[in-house]
Number of protein chains: 2
Amino acid sequence: MKTSSVDQIIADLLGQKQYHYTSQQIFEQIRTRLPAVNRSTVYRSLDRLVSQGKVSISDIGTGSLVYELVGNGMHHHLVCQHCHQIITIPADEINPLFSKIEQESHFQIITNHLILYGICPGCQNKKEL
Amino acid sequence: MKTSSVDQIIADLLGQKQYHYTSQQIFEQIRTRLPAVNRSTVYRSLDRLVSQGKVSISDIGTGSLVYELVGNGMHHHLVCQHCHQIITIPADEINPLFSKIEQESHFQIITNHLILYGICPGCQNKKEL
DNA sequence: TTCGCAAATGCAACAAATCGCGTTATAATT
DNA sequence: AATTATAACGCGATTTGTTGCATTTGCGAA
């Protein structure tokens, strides 16, 4: 396996902050270090990192997927499909289920940022949608 | 509120099968009924249906999001981020958690197709990734 | 029925993401 | 060190998804 400098730079970037980036943000950040890097190279690098289980993908309902380093701390969200309000669910609420699934399936779960979609209490009350 | 014929056709389409479609598949299907329909109209129609809580979105790791009618039956998946194998998780495994979260948050959960990513037992054993 | 508002649509420009292919470069082997 | 296989890359073409704006159309009010 060849070593990819782009892989390393992305992993560094994602490791710096306990937060997630869109592919666009990652692309822009990489360009500050490797100005000539091609967009497709960044996408392919992200694919590799995901395939290796080092990076997780989440859809937080903003239209763009976000990437974050696995092990950067679990945090889960409830997202309202109508007003796009985001609520955080305590990790304790979810972790027992993940552990149970891991034991039963022998999968190693990478998802560290579970997103559940729904309609928030306020929007349920709006007569029409 | 004006009625959108495209909204109705999409809902019909999604209701016909207990299955999910990509936006591309939906677009192609719609064209068989409304040959002149514009791509952006389909996307905007999907946005409306999602916003109304009638349609759910899932990312099954294929690159494209899939849409399905809410109420078409729950089914959840474990997806291997390395070999893309997909395993189905019994709904019973997940439903209690959803009920608990609904009670505590008063959100109405729309997600009817939960996808958890991980590394499957086989891929965990591959020396390098 | 007509009028007028607001929602839905089409269109065209744009942006984001993917793909095929030829090239470059790393790392293992000799 | 030279050779070779193959992973990573850049580039251009294509596909997919988004946005602004002008137009059309359905629906309620007059």
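In what follows, every heavy atom counts, from backbone to side chain, and hydrogens, waters and symmetry copies are set aside. Order of the sequence lines fixes the chain letters, A, B, ..., with proteins taken first and strands second; residue numbering starts at 1 for each chain.
Look at CZ on B/R31: it is 12 Å from C1' on C/dG10, rounded to the nearest Å. As rounded to whole Å, 17 Å separates atom P of D/dG17 from atom CD of A/Q24. Residue B/L65 contributes atom CG, which lies 11 Å from atom P of C/dA17 at whole-angstrom precision. Going from atom CD of B/Q52 over to atom C1' of C/dA8 covers 13 Å, rounded to whole Å. Residue B/Q25 contributes atom CD, which lies 11 Å from atom P of D/dT16 at whole-angstrom precision. In this structure, A/I30 atom CD1 and D/dG10 atom C1' are separated by 16 Å, rounded to whole Å.
When side chains are defined from C-beta on, A/Q52 does not count as touching B/Q81, because their heavy atoms never get closer than 4.5 Å. At least one side-chain heavy atom of A/V37 sits under 4.5 Å from a side-chain heavy atom of A/V42. Side-chain contact check for A/R48 versus A/S51: every heavy-atom pair is 4.5 Å or farther apart. In this structure, the side chains of A/F107 and B/I87 come closer than 4.5 Å at one or more pairs of heavy atoms.
Taking the six-membered ring where the residue is Trp, the centroids of A/H76 and A/H113 are separated by 6.0 Å or more.
Looking only at atom types and distance, the side chain of A/D12 has no donor-acceptor partner in the side chain of A/Q16 under 3.5 Å away. Using a 3.5 Å distance cut-off with no hydrogens or angles, the side chains of B/Q25 and B/Q29 do not pair a donor with an acceptor.
For the segment residues 34-41 of chain B, residues with any heavy atom less than 4.0 angstrom from an atom of DNA chain D are, sorted by number, B/R39, B/S40. Near DNA chain D, meaning a heavy atom under 4.0 Å away, the residues from residues 42-50 of chain A are A/R44, A/R48.
Once rounded to the nearest 0.5 Å, the distance linking CZ of A/F98 with CD1 of A/I101 reads 7.0 Å. Of the inter-residue distances, the one linking B/L13 atom CG with B/I30 atom CD1 reads 5.5 Å to the nearest 0.5 angstrom.
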Between the protein and nucleotides 22-24 of chain D, which nitrogen or oxygen pairs come in under 3.5 angstrom?
none

| A/H84 and A/C80: CA distance, side-chain angles, deciding distance, side chain to side chain contact (heavy atoms under 4.5 Å, CB included) verdict | CA-CA 5 Å; A/H84 305 105; A/C80 177; over 6 Å; no

- Message: If you apply the rule side chain to side chain contact (heavy atoms under 4.5 Å, CB included), what do you find for B/K54 with B/V70, and how did you get there?
- Response: CA-CA 5 Å; B/K54 295 177 182 167; B/V70 169; 5.8 Å; no

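As judged by a 4.0 angstrom heavy-atom cut-off over every strand, A/T3 is placed among residues touching the sugar-phosphate backbone only.
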